[in-house]
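Read through the structure below, which is laid out as structure tokens, and then see the notes.
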Number of protein chains: 2
Amino acid sequence: MRKGEETRTRLLDVAEAAVLAKGFGATSIDELIAETGITKSGFFYHFRDKNELAKALLERYIENDERIYDEIFSRAHELSDDPLQAFLLGLKLLSELLSDLPNGHPGCLVATMCTQERAFDREIQEINRQAALMWRRRFGGMFRDIMRHYRPREALDADQLADMVSTVIEGGIVISKALKEPKSLPDQLLVFRTFVRMLFQPIAQA
Amino acid sequence: MRKGEETRTRLLDVAEAAVLAKGFGATSIDELIAETGITKSGFFYHFRDKNELAKALLERYIENDERIYDEIFSRAHELSDDPLQAFLLGLKLLSELLSDLPNGHPGCLVATMCTQERAFDREIQEINRQAALMWRRRFGGMFRDIMRHYRPREALDADQLADMVSTVIEGGIVISKALKEPKSLPDQLLVFRTFVRMLFQPIAQA
DNA sequence: CCGCTCCTGTACCGCCGGTACGGTTTTCGG
DNA sequence: CCGAAAACCGTACCGGCGGTACAGGAGCGG
């Protein structure tokens, strides 16, 4: 029982790295079981088929993603009571965290699953959609909180601003990978941060 | 000669739609030749292997992409001599163009190739990188032009701003697909447009 | 009529995802 | 410590897919 979980986790670890590096289709089961030190029967004991592996992979990835966001932004809110300052600090912390990844961001499984790889079944698409909606709720809440304290220089929708966070991260990952410049992603986040700061900065009185 | 080109083009058309819909790995050669009305031998007459198909697909996609940007922004520069206004107009035109796609943006092959799908060979990765660099040059030039006429409210690097255009587009495509909301992508572009306008807006004198 | 482009047809290979199923070891609660 | 469930192993097999190897043919310009 305990052992089962452990093997499953190891399988998922190996699979996640391979999928992010080469894509889902290019990752063979034979390859995964070889590296995990398991047999094919063992694999199919844990996962009904490859699609279920994808599902488990995605769910675990999203969970971990949420955990990281929770940590960073709760940390930021500890450091500042002001919602705007806390958000800006969170972006900064996130950017720094991304800068410290030596080989750049390994890639987002949500993007992997939705941008590519077979017509994944409805279930996975729905998980993906829920993930994007969670991001929207998370950051949307922050922006609404900020808007209660600051008057934006331009009228912008809180949900659209929230989506912009996800957009910059997902797009930054793509551009960073295409350019082979790991620094691009954290840089893009900081540019976005500047935009947000500018948006809510009180207009200077002459 | 003429006939060969025509068949090749038809193959690429079919392949592009399939790849953007299901991913490269999930698109089988058998499927492509069935829809094109050609035999397997015929396919391998045009392309040495699947990787060469990917290369041709990508090159054609990027060419077309550049053509669209050329059209939109040359159009915008006809309508306004001011570099800032022309750029803002271009973003607006682009956003409208994206809004008019009934099923949303079909996906970007650059993202498809770099985010996923097998360890594509160096050649394809290099094509991808060049595409991203072209985008940077294109938009970077526009931002530098703008900066000669307008003083930005915050000091931001022109190349990073240029990358932000690509980032928002690529990220917007991902988020739009994940959310299954085609409108997200054009909306995100407009939010970015607002940021750019705000960045270069002269500070109002009280 | 030659030769080139642009294919068709057939046969075959190895990898991969997946199924089936019987057997074996490991683990843990009672 | 025992028994049952959990967690595998081994083997054999299937069809689909990417890819190879040729042999040959239709159509067309020179």
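Scope of the values below: all heavy atoms of this structure, side chains included, with no hydrogens, waters or symmetry mates.
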Legend entry - Whole-Å gap separating C1' (C:dC16) and NZ (A:K22): 12 Å

Inset, instruction - Using atom CG of B:D49 as one end and atom C1' of D:dA21 as the other, report the distance to the nearest whole Å. - result: 16 Å

Legend entry - B:D82-B:Y150 side chain donor-acceptor pair, cut-off 3.5 Å: yes

Legend entry - Whole angstrom value for the distance that separates P of C:dT19 from NZ of A:K50: 14 Å

Inset, instruction - Please step through side-chain hydrogen bond (donor to acceptor under 3.5 Å, both in side chains) for the pair B:Q188 and A:T167, ending with a clear verdict. - result: CA-CA 8 Å; B:Q188 291 296 299; A:T167 293; 3.1 Å; yes

Inset, instruction - In whole angstrom, give the distance that lies between atom CG of B:L32 and atom P of D:dG19. - result: 12 Å

Legend entry - Contact summary for B:K22 and B:T27, nearest pair of heavy atoms: CE-OG1, 4.0 Å

Inset, instruction - Return no unless some side-chain N or O of B:H46 is found under 4.0 Å from OP1 or OP2 of C:dC7. - result: yes

Inset, instruction - Mark yes or no for whether B:K92, through its side chain, and B:R193, through its backbone, hold a donor-acceptor pair below 3.5 Å. - result: no

Inset, instruction - Report the distance from atom CD of A:E31 to atom C1' of C:dC16, rounded to the nearest whole Å. - result: 11 Å

Inset, instruction - Could you check how far CZ of B:F24 sits from C1' of D:dC17, rounded to whole Å? - result: 13 Å

Legend entry - Nucleotide C:dC15, atom P - distance to CD1 of A:I33 in whole Å: 14 Å

Legend entry - Short side-chain N/O contact from A:Y45 to OP1 or OP2 of D:dA7, under 4.0 Å: yes

Between the protein and nucleotides 9-16 of chain D, are there any N/O to N/O pairs under 3.5 Å, and if so, what are the atom names and distances?
residue, atom, partner, partner atom, Å
D:dC9, OP2, A:T39, N, 2.8
D:dC9, OP2, A:T39, OG1, 2.6
D:dG10, N7, A:S41, OG, 3.0
D:dG10, O6, A:S41, OG, 2.4

Inset, instruction - Could you state the atom-to-atom distance from CZ of A:R8 to C1' of D:dC8 in whole Å? - result: 15 Å

Inset, instruction - Please state whether the rings of B:F87 and B:F192 are parallel, tilted or perpendicular, taking 30° and 60° as the class boundaries. - result: perpendicular

Inset, instruction - Please identify each residue that fulfils side chain to side chain donor-acceptor pair (under 3.5 Å) with A:N128, with sequence neighbours left out. - result: none

Legend entry - Nearest listed nucleotide, side chain of A:F44, among C:dG18, D:dT20, C:dC7: C:dG18

Legend entry - Polar contact flag, side-chain donor to acceptor under 3.5 angstrom, A:N64-A:Y69: no

Inset, instruction - May I ask you to verify if any side-chain N or O of B:T7 is less than 4.0 angstrom from the OP1 or OP2 atom of C:dC7? - result: yes

